[in-house]
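The structure under discussion appears below in the form of structure tokens.
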Amino acid sequence: MSGGYCNKVAWIDLTSQTVCIQPLDEDLKERYIGGRGFITRWLMDMVPVGVPALDPENVLIFATGPLTGTNVPTSSRIEIGALAPETGIYSTGSAGGSFGTKLKRAGLDALVINGRSEQPVYIMITDAGIEIKNAACYWGKDIFEIDRAIKADNHKSRLSVACIGQAGENGGFLTTILIDRVRSAGRGGLGAVMGSKNLKAIAVNGTGSVPIHDPQTFWTACQNVQKAAVDKFFLKRWEAGTYGNLTRYNNAGALTSYNGQKTTFEFIDQICSDYYNKNFKIATRACMGCPMPCWTTYTIQSGEFKGFVSEEATATTFKELGARCGLHEMDAILRAHDDLNRFGLDTISTPATIAFAMECFQRGIITKEDTGGLDLTWGNRNAVIPLIEQIAMNNGFGAQLARGVRICAEEWGGEAAKYAMHVKGMETVGTDPRGQPSWGLGYATSSRGACHMRAYANYESGSMADASMIRISGTTEIRNRFGITGKGKAGAFLEDMNAYGDSLGICKLMARDELGLPEVLIGVLNSATGKTYSADSLYRVGERISNLERIANLQRGITPADDTLPERYLNEAVPEGPAEGRVCDLEPMLKEYYERRDWNSDDGYPSLEKLKAVGLDHEGNDIST
Amino acid sequence: MEEKYLFYQLNRCTGCQLCVMACSLARSGVCGENESLISILTHPQFGTSQPIIEETCIWEQCDKQCVQVCSPGVLYLAEKKDWGGLLLKQHWNPVPVFVREEKQ
């Protein structure tokens with residue numbers, strides 16, 4: 001028997017309020033595996049070029065992979081994708097929690113949602129089937145309120161809820177979709193896409209099971225992966241989640257501070273893991289199926305927010321709200337981060353946009369007259385926290401920021417564009433590529449705008465063994481952190497590796513390094529599904545997805561000129577710290593990347609040979625003719 | 001048959017449910033929760049978690065797959081000679097047992 005998949009997809013049309021369950025196409029499984037691969041293929045097939053992201057014709061897709069909901073470590077992942085309003089190109093993102101697992105247990109591999117409901121609705125999925133229900137009473141509620149209300153009203157505390165907050169309802173571009181309250185996916189404004197469909201939430205609690213082709217072999221293969229994952233990551237994550245990396249970025253001169261005017265933060269001791277663990281952390285928690293717990297619950301026991309209890313604090317919390325906005329009071333950072341989740345805002349792009357506004361304020365490009373009286377001095381908690389609410393509610397000065405740095409810079413004019421840290425319209429994360437060059441290439445080439453998680457290169461900080469990186473890049477030069485040679489090849493490989501990883505249904509925090517290599521994962525994949533992927537054929541799936549995303553971007557007007565970085569990273573030398581004097585030397589990395597990809601540097605298109613090799617020559621013909 | 005009981009460490013369970021899926025796979029060859037003899041109770045707000053086992057777990061022999069996959073070391077299948085020592089320690093507790101009613 002085959003396993004891994006449930007072999008069912010739910011096609012949900014919100015305009016006609018109908019649900020159609022259809023079998024999963026065998027050829028689609030073979031060529032795209034699941035998750036991100038499915039989403040990219042379906043978007044290509046279903047959303048014509050020219051359809052705006054907030055149009056009913058845009059399609060919002062939730063797709064699991066064949067490993068989602070299985071014993072493979074970190075395999076609770078759900079991939080969410082649609083055409084994104086902030087960038088005008090596709091955005092897909094992965095979230096943990098328990099939604100993916102519970103969807104599979106309800107017997108579904110994916111939900112494909114199109115159209116627009118006339119009234120607010122939510123979708124309820126149980127073993128008994130799918131129901132589209134009235135959500136009028138839930139509209140206007142925040143993430144925490146809606147999560148609780150849906151569970152209470154249905155008397156089901158074990159539901160997993162994917163939903164949008166007020167920010168998504170109001171159509172802002174800095175919005176995501178939240179799962180289990182604090183797990184997030186859909187940068188680029190997928191919260192607004194869900195809101196545009198009048199879809200407030202999807203709640204799921206399947207109690208069935210995921211079939212496995214060869215349970216005994218699968219168990220052994222899972223144990224091998226798990227042992228390696230636990231040996232490498234458990235202690236580190238248990239002690240300091242992902243936020244333990246903050247000090248490392250600071251020590252490498254790669255921590256975006258004050259919107260990138262510096263790459264170290266002088267208040268690092270007040271936002272680092274030791275300080276947080278000692279004064280705020282309650283406990284370490286895990287997503288379903290993950291042996292390397294990385295998120296925490298916390299409480300504030302003094303000051304303005306005394307008595308506050310919430311959940312999830314990650315590297316992003318402290319990097320973006322802390323160093324990037326110059327905020328160094330931990331209680332304000334935690335409260336602001338909670339607000340981001342509560343309103344359904346992007347925890348990277350929102351602080352990035354606030355930091356951009358702060359720099360424009362510092363330089364006099366905008367003044368208190370523009371900000372509605374808010375004093376955007378660096379680190380001012382009394383500006384950051386109210387501004388988050390304004391962005392979510394789309395009012396005041398926040399209504400401008402809600403569309404991201406690119407549009408603000410265009411409207412404010414002057415030098416503002418110089419300080420808008422984005423690629424293809426999506427804001428960069430707070431790791432500075434002048435201190436970590438591979439991230440610069442990753443931002444430039446990422447298929448959804450400046451996303452660090454497409455390549456997710458961590459080898460410069462020693463996370464991937466030299467031997468693997470030398471093999472991937474073909475050069476020992478790759479060991480040089482500030483070097484350039486080999487990084488184009490490495491970037492392309494890692495992007496492809498993450499593309500199939502996002503399609504299998506596993507977490508990047510495990511699969512971005514050695515444990516994501518195709519030879520490591522074919523054991524669990526083949527024993528779960530009964531398929532016969534080789535390392536090469538699995539890698540090829542990743543390459544196929546990367547190239548298909550590229551074609552989709554080119555069709556929507558992206559050119560090689562868009563594969564670049566904010567001017568600051570290219571031309572402004574770091575003024576201090578371990579990366580002092582450095583810029584990101586992007587061009588040679590990009591050239592090597594294009595050659596490795598076999599993409600034409602003039603028009604950006606993959607060569608016909610490349611398209612044939614990855615089985616996309618049909619798409620290629622469509623483009624060239 | 002040697003008597004063994006499952007013990008757990010208080011406040012260390014992350015709620016990951018890998019033990020649930022391990023038991024399910026070992027007993028039924030599928031990944032789920034209905035087939036598993038171990039369940040995890042998790043608080044919906046605070047995420048605090050603890051294991052609980054179905055009565056059958058006490059009588060069945062297995063390769064303690066649940067213990068094998070527990071990365072924080074929450075679970076321990078204790079032989080008789082260890083019971084007293086564990087019961088004296090406040091952070092170790094026997095995993096509570098429930099009886100699953102026949103499905104209607």
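In what follows, every chain begins at residue 1, and chains take the letters A, B, ... in the order their sequences are listed.
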Go through [options] and name the one with the most non-hydrogen pairs under 4.5 angstrom from chain A.
| options | result |
| --- | --- |
| B:Cys19, B:Gly47, B:Ser28 | B:Gly47 |
| B:Pro72, B:Ala26, B:Gly15 | B:Pro72 |
| B:Met21, B:Gln17, B:Gln68 | B:Met21 |

Structural part of [X] lying under 4.5 Å from a heavy atom of chain B:
| X | answer |
| --- | --- |
| A:Gln223 | side chain |
| A:Thr284 | backbone |
| A:Trp238 | side chain |

Structural part of B:Ser24 lying under 4.5 Å from a heavy atom of chain A: neither
B:Cys13, part contacting chain A, at a heavy-atom distance under 4.5 Å: backbone
Less than 4.0 Å between a side-chain N and a carboxylate O, is that true for [Y] and [X]?
| X | Y | answer |
| --- | --- | --- |
| A:Arg181 | A:Glu311 | yes |
| A:Asp513 | A:Lys232 | yes |
| B:Glu35 | B:Arg27 | no |
| A:Arg183 | A:Glu312 | yes |

Most contacts with chain B, counted as non-hydrogen pairs under 4.5 angstrom, among A:Cys287, A:Cys290, A:Ala528: A:Cys290
Best-contacting candidate, A:Arg105, A:Lys104, A:Met292, against chain B by heavy atom pairs under 4.5 angstrom: A:Arg105
Contact residues of residues 64-78 of chain A (partner chain B; heavy-atom separation under 4.5 angstrom): A:Gly69, A:Thr70, A:Asn71
With a 4.5 Å heavy-atom cut-off, do [X] and [Y] have their side chains touching?
| X | Y | value |
| --- | --- | --- |
| A:His213 | A:Thr529 | no |
| A:Lys29 | A:Asn7 | yes |
| B:Tyr8 | B:Leu75 | yes |
| A:Gln226 | B:Val69 | yes |

A:Phe308 and A:Tyr298 aromatic ring geometry - parallel, tilted or perpendicular at 30°/60° bounds: tilted
Parallel, tilted or perpendicular: rings of B:Tyr5 and B:Trp83 (30°, 60°): tilted
Short side-chain to backbone donor-acceptor contact, A:Tyr5 and A:Ile33, under 3.5 Å: yes
